[in-house]
Amino acid sequence: MIRAIRACKTAAEERAVVRKECAAIRASINEDDQDYRHRNLAKLMFIQILGYPTHFGQMECLKLIASAGFPEKRIGYLGLMLLLDERQEVLMLYIVGLALCALGNICSAEMARDLAPEVERLLQFRDPNIRKKAALCSIRIIKKVPDLAENFINCAASLLKEKHHGVLITGVQLCADLCKVSSEALEYFRKKCTEGLVRTLRDIVNSPYSPEYDISGITDPYLHIRLLKLLRILGQGDADASDRMTDILAQVATKTESNKNAGNAILYECVETIMSIEDDGGLRVLAINILGKFLSNRDNNIRYVALNMLMRATTLDAQAVQRHRATILDCVK
C-alpha cells in the first residue's frame, strides 16, 4: 500500500488508492477478520498521517487492546494514541469504562450513594462494553451499600435478556449478588426471571459447537456455572421456582460429559443446585449417582469434593448414598 501511494503522480491518483484500501479495510472490519486486524490498523495509521479520515476503524483499536497477543496490544495502543482524540466518541467510551472500573475499586460508601444513579443509567447504555462495566461496578456498589440494591433490580433483570455474552454473564452475577443482599430482589427474580434463566440455560446446553466460548468440548462452561448458581439461589426454599428448573437440571446432569475438568465443574455446580432446591427425591438420586462417578475418578481433588458432598447428602437421601458404600470405603482406604 505504501509503495502504491508513493508511486502516485497526482493527488487524484493518491485519493483513488486510499479509497480502494479503505474499502477493503471496511469489508474486513464488517467480516470481523481477526487475523488481519493489526495489519488493517497499521494501514489506517499511515492513512491518518496522510490526512485522510479513519474514524470507521476506531473500534479496532479497543479490540486489539483487548486481544491476548502482545504485538496486537502494541498496535492497538499506538492506534489509540494516533486515531482518537477528545472529540471522538470511542475515546469517551474508553474513558467511561475506565471511570467505572475505578469507581468499583476505590469508591467509598458516600461516593457510591452519590454516583449510583449514574451507574444505573449506564446499565441501559447502547454500547455493550459500557453495560458490562456498569454491571461489574454495580456489584461492587451493592456490596458496599446493600440498601441501594432495590435501585438496580429492574436494570439487572433486563440484562438477563442480553445477547452479548459479556453483558449476560455479568448480568447473571449482578442478579445473584442482589438476591444475597435483598429479599425484595430475590422474590422479584423468582417470579419474573426463573423461566427466562431456564430458557437461557437450555439454549446453551443444546447449542452447537461455538469455538469462541468452547473449553474442552463444553460450550461456555463459565456461563453454565453462573446460571446454575443463580438458579440455586432462586430455588432454595421455593417449591414453585424449584419445579420450573427440574427438567433443565436433569438435562444438564445427563448431557454434560465428565471426562474433562470443564464438564466436572458444571456437574459439581449442578449437584450443588439439586441438593439445595426443593425436590421430591428423583433429582437427588441422579445427583448422588454423579457423586458416585466422581469417587471413581483418579483425581484426588474431585474425589475429595465428592466425599464432602456425600457427607451432606446423607441427611437428604441416605438410601441413595448407601448404594455407593463400597466406593466410599475404597476411597477412604
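Quantities reported herein were computed from a predicted structural model and do not represent experimental measurements. Numbers here are sequence positions counted from 1.
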Verdict with reasoning, Ile266 to Val252, per side chain to side chain contact (heavy atoms under 4.5 Å, CB included) = CA-CA 8 Å; Ile266 293 172; Val252 172; 3.8 Å; yes
Go through the steps to decide whether Leu159 and Leu168 satisfy the test side chain to side chain contact (heavy atoms under 4.5 Å, CB included), and finish with yes or no.
-> CA-CA 6 Å; Leu159 297 181; Leu168 177 58; over 6 Å; no
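Glu150 has its side chain out of reach of Tyr188: every pair of non-hydrogen atoms, C-beta onward, lies at least 4.5 Å apart. The side-chain heavy atoms of Leu249 and Leu286, taken from C-beta on, include no pair separated by under 4.5 Å. The shortest distance between side-chain heavy atoms of Leu100 and Leu136 does not fall below 4.5 Å. Between Asp32 and Lys63 there is a side-chain heavy-atom pair separated by less than 4.5 Å. Proximity of Leu41 to Leu78: side-chain heavy atoms (C-beta onward) are nowhere separated by under 4.5 Å. Contact of the Ile233 side chain with the Phe189 side chain is not registered, since no non-hydrogen atoms from C-beta on lie closer than 4.5 Å. Between Lys293 and Asn289 there is no side-chain heavy-atom pair separated by less than 4.5 Å. Taking the side chain as every heavy atom from C-beta outward, Lys255 and Asn206 approach each other to under 4.5 Å.
Atom OH of Tyr222 is surrounded by 12 or fewer heavy atoms from other residues, nucleotides or ligands within 6.0 Å. Shown here is Arg39, whose CZ atom has no more than 12 heavy atoms of other residues, nucleotides or ligands within 6.0 Å. In the displayed structure, Tyr304 atom OH is contacted under 6.0 Å by at most 12 heavy atoms of other residues, nucleotides or ligands.
When only modelled atom types and interatomic distance are considered, Gln173 and Asp177 share a side-chain donor-acceptor pair under 3.5 Å.
If you chain together hydrophobic residues whose side chains sit under 4.5 Å apart, Leu115 and Phe152 fall into the same group.
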